[in-house]
Amino acid sequence: MLDIKLLRDQGDAIRQNLEDRNVHVFPELTPESGADWAARTVERLQALDARYLELLHDGDETRRKQNENTTAMKSVGKLPKAEQAAARKPLIEAGRALRDHEREVHAQAEEALVARDDAWSRVPNLTHPESPRGHTDEDHRELRRVGTIRDFAAEGIEPKDHLDIAEALELVDFAAGARVTGQKHYYLKNEAVLLDLALQRYAIGVAQRHGFTLHVTPDLARDSILQGLGFNPRGESTQVYTIENSDLCLVGTAEITLGGMLADSILEEEQLPVLLAGLSHCFRTEAGAHGKESRGLYRVHQFTKVELFAFTAGTLEESSAMHARLLAIEEEIFQGLEIPYRVIDIASGDLGGPAYRKFDLEAWMPGRGCFGEITSTSDCTDYQARRLKIRYRPTPVDGKKQKPRHVFMLNGTAVANSRALVAILENHQQRDGSVVVPKVLRSWTGFDAIGPR
RNA sequence: GGAGGAGUGGCCGAGUGGUCGAUGGCGGCGGACUUGAAAUCCGUUGAACCCUUACGGGUUCCAAGGGUUCGAAUCCCUUCUCCUCCGCCA
């Protein structure tokens with residue numbers, strides 16, 4: 001959630017951002033409803049805010065009068081006994097009237113606040129000035145390509161996709177997954193199990209070397225934590241599985257469990273940056289994604305991931321530097337895995353609500369003959385920290401204590417196992433159907449190659 | 001799952017209807033003393049929101065949410081968390 005003061009002082013910046021991101025806060029205000037849809041959205045948000053403030057003032061004023069009344073009541077005790085009852089009577093009546101009014105206004109103010117924040121929390125984060133503007137895949141900016149794409153034609157090999165490779169080597173069982181759990185669920189088998197564990201161990205090791213505190217996180221989290229991080233836990237197009245009769249969800253990423261760890265706390269500036277790494281399972285409904293890039297392990301309902309998370313001081317200098325650091329770690333990991341990739345600066349329309357800027361790593365996937373997203377790192381500035389109430393106390397200036405500020409929060413994928421497996425199988429496949437294991441994994445797998453069989 | 005107990009400011013801990021944002025201690029910060037430090041003494045010490053250019057002012061917060069009352073940290077209800085004991089269990 002953004003600072004509500006931005007709505008009051010910089011409505012036009014909000015309007016521009018809604019247009020850049022093509023985000024529709026109210027379903028009836030879209031480009032189809034008129035060119036001024038974004039301006040009308042801002043006006044409507046401002047009206048909701050004004051309504052809340054009006055009720056807030058009324059409530060404050062009423063409580064002030066209640067406090068006055070209470071003070072007056074206290075002084076009654078100093079009057080002669082005979083006069084006290086008569087003096088109390090009007091005060092009690094006034095008190096009752098104030099109480100009734102306060103209750104009514106309070107309830108209305110609550111409602112108005114919920115209405116405002118409901119809408120306001122759908123307004124996305126501001127956008128980095130250098131992020132490309134646009135809503136389509138072509139609008140993303142490719143920053144660089146790293147690694148050499150294998151020339152399979154020169155090797156005289158017709159590259160297979162990861163599913164063909166995996167099935168031939170008996171590394172996955174989607175049929176059993178479908179039987180036991182459902183579509184897009186799978187079992188890993190044989191060497192794939194060890195490869196999966198090796199990837200986790202490798203990524204965890206890199207994270208540790210870079211100073212991240214290691215965690216295995218819960219796979220469930222409360223609705224309120226998801227909302228704080230800008231996820232929508234329930235509703236039609238949610239990507240999140242929820243647990244019936246509880247306020248819990250299966251997490252789609254350890255970003256949730258790591259980011260939520262410090263909710264409601266105030267840190268000292270010296271503690272920053274806080275660097276956390278988390279290993280968790282990730283569950284995604286993939287609502288509306290059927291048929292799209294749906295073959296094999298590329299888009300599945302459950303996978304394991306090592307996630308990086310950082311809390312920094314609340315300046316763009318700090319968070320941008322940390323963002324670059326997270327990206328560098330992701331690149332280090334995939335260079336270690338000997339996978340060619342490119343780095344993408346994600347366009348405004350595809351950032352998702354919380355991100356101020358986002359970089360994706362896309363690995364070359366010979367089976368599909370194109371690049372596919374493999375990691376992602378986002379600078380979410382204070383957008384998530386505001387709802388989660390994660391703050392820090394800046395170091396004193398001239399001996400004066402500073403007011404707490406919201407931390408900036410960033411996340412990045414170290415390794416998402418399902419997609420890393422896709423990239424490894426496809427890039428390291430051999431003519432005989434075997435797959436060479438990247439050197440960095442061999443001490444964990446205990447073998448250099450899988451197959452041939 | 002059953003039975004008990006407890007949740008107060010950064011921490012410990014008083015407070016059982018109005019004078020309590022809350023005694024006291026510890027910690028922190030500032031100052032005095034000291035060559036410096038320790039010890040001692042004095043002062044100070046939370047957060048959120050709203051109004052205000054500022055100075056300043058107002059409202060709220062004693063786990064959370066409801067209720068009783070003119071008035072709640074204090075009484076009642078619900079929920080959550082923690083602790084102890086019993087049972088069950090990888």
| message | Taking any heavy-atom pair under 4.0 Å as a contact, classify A/Leu91: base, sugar-phosphate, or nothing. | response | nothing

| field | Any-strand Watson-Crick or G-U partner of B/A22, both distances under 3.5 Å | value | none

| query | Of all residues at least two apart in sequence or in a different chain, which pass the ring-ring contact (aromatic ring centres under 6.0 Å, His included) check with A/His428? | reply | none

If you look only at distance, which donor and acceptor atoms sit under 3.5 Å apart when one is on a side chain in residues 444-451 of chain A and the other is two or more places apart or in another chain?
residue: A/Thr445; atom: OG1; partner: A/Leu441; partner atom: O; Å: 3.4
residue: A/Thr445; atom: OG1; partner: A/Arg442; partner atom: O; Å: 3.4
residue: A/Thr445; atom: OG1; partner: A/Phe447; partner atom: N; Å: 3.2
residue: A/Thr445; atom: OG1; partner: A/Phe447; partner atom: O; Å: 2.9

| Starting at CG of A/Asp58 and ending at C1' of B/C49, how long is that distance when rounded to a whole Å? | 16 Å

| message | Using atom C1' in both nucleotides, what's the gap between B/C75 and B/A90 to the nearest angstrom? | response | 45 Å

What N/O pairs connect the protein and nucleotides 45-48 of chain B at under 3.5 Å? Give each pair on its own line.
residue: B/A47; atom: OP1; partner: A/Arg393; partner atom: NH1; Å: 2.9
residue: B/A47; atom: O3'; partner: A/Arg391; partner atom: NH1; Å: 3.0
residue: B/A48; atom: OP1; partner: A/Arg391; partner atom: NH1; Å: 3.0
residue: B/A48; atom: OP2; partner: A/Lys403; partner atom: NZ; Å: 3.4

| Distance, P atom - from B/U59 to B/G21, rounded to whole angstrom | 11 Å

| According to the Watson-Crick and G-U wobble definitions, with both distances under 3.5 Å, which nucleotide is paired to B/G4? | B/C83

| message | Expressed as a whole number of angstroms, how long is the span from A/Asp117:CG to B/C49:P? | response | 12 Å

| Whole-angstrom distance between B/A73 and B/U19, as gauged at atom P | 9 Å

| request: Hunt down the Watson-Crick or G-U wobble partner of B/A72, both distances under 3.5 Å, from any strand shown, or write none. | output: none

| task | Sorted by first residue and then second, give each salt bridge (Lys or Arg N to Asp or Glu O under 4.0 Å) pair with at least one member in residues 188-210 of chain A; sequence neighbours left out. | result | A/Glu191-A/Arg453, A/Arg209-A/Glu332

| Per-nucleotide protein contact string for nucleotides 15-21 of chain B, where B marks a base within reach and S marks sugar-phosphate only (heavy atoms under 4.0 Å, - for neither) | ---BS--

| query | Relative to each other, are the rings of A/His301 and A/His185 parallel, tilted or perpendicular (30° and 60° limits)? | reply | tilted

| A/Tyr356: partners by ring-ring contact (aromatic ring centres under 6.0 Å, His included), with sequence neighbours left out | A/His128

| B/G15 versus B/U74 - spacing of their P atoms, nearest Å | 15 Å

| query | Expressed as a whole number of Å, how far does the C1' atom of B/G57 sit from that of B/U23? | reply | 28 Å

| field | Whole-Å distance separating the CD atom of A/Glu68 from the P atom of B/G57 | value | 16 Å

| task | Over 60° means perpendicular and under 30° means parallel, so classify the ring planes of A/Phe174 and A/Tyr186, tilted if in between. | result | tilted

| field | Spacing of the C1' atoms in B/A72 and B/G65 (rounded, Å) | value | 15 Å

| note | In Watson-Crick or G-U wobble terms, with both distances under 3.5 Å, the base opposite B/G17 is none

| request: Please say which of A/Asp345, A/Asp350, A/Asp379 ends up in a salt bridge (charged side-chain N to carboxylate O under 4.0 Å, His left out) with A/Arg357. | output: A/Asp345

| said: In this structure, how many angstroms lie between the C1' atom of B/G28 and the CD atom of A/Glu269, rounded? | reply: 17 Å

| field | B/U16 to B/C85 separation - C1' atoms, rounded to the nearest Å | value | 29 Å

| Distance between the P atoms of B/A22 and B/C62, in whole angstroms? | 13 Å

| query | Can you list the residues that meet the salt bridge (Lys or Arg N to Asp or Glu O under 4.0 Å) rule with A/Arg40, with sequence neighbours excluded? | reply | A/Asp36

| message | Let's test this: given Watson-Crick or G-U wobble pairing with both distances under 3.5 Å, identify the partner of B/A37. | response | none

| query | Within this structure, what is the CG-to-P distance between A/Leu98 and B/C70, rounded to whole angstrom? | reply | 12 Å

| Distance check: side-chain N/O of A/Arg103 vs OP1/OP2 of B/U68, anything under 4.0 Å? | yes

| request: Would you mind reading off the distance between A/Arg99 atom CZ and B/G66 atom P, rounded to a whole angstrom? | output: 16 Å

| field | Partners meeting side chain to side chain donor-acceptor pair (under 3.5 Å) with A/Lys358 (sequence neighbours left out) | value | none

List, one per line, each side-chain donor-acceptor pair under 3.5 Å for residues 86-106 of chain A, sequence neighbours excluded.
residue: A/His101; atom: ND1; partner: A/Thr62; partner atom: OG1; Å: 3.3
residue: A/Glu102; atom: OE2; partner: A/Arg63; partner atom: NH1; Å: 2.3

| message | Tell me the interatomic distance from A/Asp247, atom CG, to B/C80, atom C1', rounded to whole angstroms. | response | 10 Å

| message | Hydrogens and angles aside, do A/Thr413 and A/Lys305 bring a side-chain donor and acceptor to less than 3.5 Å of each other? | response | no

| Worked check of side-chain contact (heavy atoms from CB on, under 4.5 Å) between A/Asp264 and A/Leu388 | CA-CA 6 Å; A/Asp264 292 312; A/Leu388 292 169; over 6 Å; no

| Paired with B/G27 by Watson-Crick or G-U wobble geometry, both distances under 3.5 Å: which nucleotide is it? | B/U45

| said: By the salt bridge (Lys or Arg N to Asp or Glu O under 4.0 Å) test, which pairs, at least two apart or in different chains, include something from residues 11-25 of chain A? | reply: A/Asp12-A/Arg15, A/Arg15-A/Glu19, A/Asp20-A/Arg133

| Tell me the salt bridge (Lys or Arg N to Asp or Glu O under 4.0 Å) pairs involving residues 106-125 of chain A, sequence neighbours left out? | A/Asp49-A/Arg116

Quick one: which protein N/O atoms are closer than 3.5 Å to N/O atoms of nucleotides 58-60 of chain B? Pair and distance per line, please.
residue: B/G58; atom: N2; partner: A/Asp60; partner atom: OD2; Å: 3.4
residue: B/U59; atom: OP1; partner: A/Asn67; partner atom: ND2; Å: 3.2
residue: B/U59; atom: O2'; partner: A/Asp60; partner atom: OD1; Å: 3.0
residue: B/U59; atom: O2'; partner: A/Arg63; partner atom: NE; Å: 3.0

| said: Taking the nucleotide of RNA chain B with the nearest heavy atom to each, does A/Glu110 or A/Ile92 sit closer to the 5' end? | reply: A/Glu110

| task | Figure out the CG/P separation between A/Asp264 and B/C61, and round it to whole Å. | result | 17 Å

| request: Under 4.0 Å between any heavy atoms, over every strand shown, what does A/Leu53 touch: base, sugar-phosphate, or nothing? Just pick one. | output: sugar-phosphate

